[in-house]
J.: 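I have a structure here, written as structure tokens, and I will follow up with some questions on it.
All residue numbers in this chain count up from 1 along the given sequence. Whatever order the structure lists them in is the order used to number ligands and atoms, beginning at 1.
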Amino acid sequence: MSEEACIFCDIVAGKVPCHKVYEDDRTLAFMDINPVAPGHVLVIPKTHYENLLGLTPGDLAAVHQTSQKIAGAIITGLKMPGVAVLQLNGKGANQVVMHYHVHLIPRNRPKDGIEILEWEPKPGNTRSIKSKLQKIQDAL
Ligand code: AMP
Ligand code: ZN
């Protein structure tokens, strides 16, 4: 999706309203309108990038510095014992809005019952782990 047809670019431009948490020169943080848990915040770069792969180092650092700041405010302000930082890249990962964003999801497990953030660790197959490792390293 290009920036011309991007809901988050429209929010940055003030064409679409949002519940703003924080902004600085490079980043904007606002409440997610479909919160996975109460207090769910999104942090975005003001510049349009589709996903992690395209981000410049400066905007990558800026988004994660803002995420760190807001995560601390979620823990303190909402008196939550934890916050999950989630970030999806590509339709295969179920990214829906194609403007890079970080989800900050307040967590208080197991009470919150957010099943997507729970998984049972199962030992992997060593051959498969090594084969994926090789393919990832070959692509570096
Ligand atoms: P993702 O699946 O990572 O692309 O998630 C996109 C997120 O953006 C979802 O959690 C949506 O609820 C959220 N979202 C979409 N449109 C808006 C909007 N106008 N204001 C706030 N959050 C939005
Ligand atoms: Zn955009």
J.: Taking only heavy atoms of L42 into account, list the atoms of ligand 1 that are under 4.0 Å away from them.
T.: 8 (O), 13 (C), 22 (N)
J.: Of all the non-hydrogen atoms in the protein, which one sits nearest to atom 9 (C) of ligand 1, and at what distance?
T.: D32 OD2, 3.4 Å
J.: Looking at ligand 1, is there an atom of it that comes within less than 4.0 Å of some heavy atom belonging to M31?
T.: yes
J.: Please check: side-chain N/O of K20 versus main-chain N/O of M31, any donor-acceptor pairing under 3.5 Å?
T.: no
J.: Work out the angle at the Zn ion (ligand 2) between ND1 of H99 and SG of C6, rounded to 10°.
T.: 100°
J.: To which protein heavy atom is atom 23 (C) of ligand 1 closest, and what is the distance rounded to 0.1 Å?
T.: I33 CG1, 3.4 Å
J.: Ignoring hydrogens and geometry, is there a side-chain-to-backbone donor-acceptor pair from Q95 to V97 under 3.5 Å?
T.: yes
J.: Closer than 3.5 angstrom, by distance alone: can the side chain of N89 be matched with the main-chain N or O of L52 as a donor-acceptor pair?
T.: yes
J.: Should I11 be counted as touching ligand 1, given the test is an N or O pair under 3.5 Å?
T.: no
J.: Report, in ascending order of atom number, the atoms of ligand 1 lying under 4.0 Å from any heavy atom of L88.
T.: 2 (O), 3 (O)
J.: Out of N94, I7, D10, whose heavy atom sits nearest atom 2 (O) of ligand 1?
T.: N94
J.: Closer than 4.0 angstrom: is that true for some heavy atom of Q87 and an atom of ligand 1?
T.: no
J.: Are Y49 and V63 grouped together when hydrophobic residues (ILVMFWY) are joined by side-chain heavy atoms under 4.5 angstrom apart?
T.: yes
J.: Is there a side-chain contact between L28 and Y22, using heavy atoms and a 4.5 Å cut-off?
T.: no
J.: Answer yes or no: is there a donor N or O on one side and an acceptor on the other, between the side chain of N108 and the main chain of K111, under 3.5 Å?
T.: no
J.: Should M98 be listed as contacting ligand 1, given a heavy-atom distance under 4.0 Å as the test?
T.: no
J.: To the nearest 0.5 Å, tell me how far Q87 CD sits from L104 CG.
T.: 11.0 Å
J.: Test your reading of the structure: does V96 have an N or O sitting under 3.5 Å from an N or O of ligand 1?
T.: yes
J.: Which of the atoms of ligand 1 are close to H101, meaning less than 4.0 Å from one of its heavy atoms?
T.: 1 (P), 3 (O), 4 (O), 5 (O), 6 (C)
J.: Answer yes or no: is there a donor N or O on one side and an acceptor on the other, between the side chain of H101 and the main chain of H99, under 3.5 Å?
T.: yes
J.: Going by the order shown, which atoms of ligand 1 are within less than 4.0 Å of some heavy atom of H103?
T.: 1 (P), 3 (O), 5 (O), 7 (C), 10 (O)
J.: Any side-chain heavy atom of I70 within less than 4.5 Å of one from V21?
T.: yes
J.: What is the name of the N/O/S atom in H48 that sits closest to the Zn ion (ligand 2)?
T.: ND1
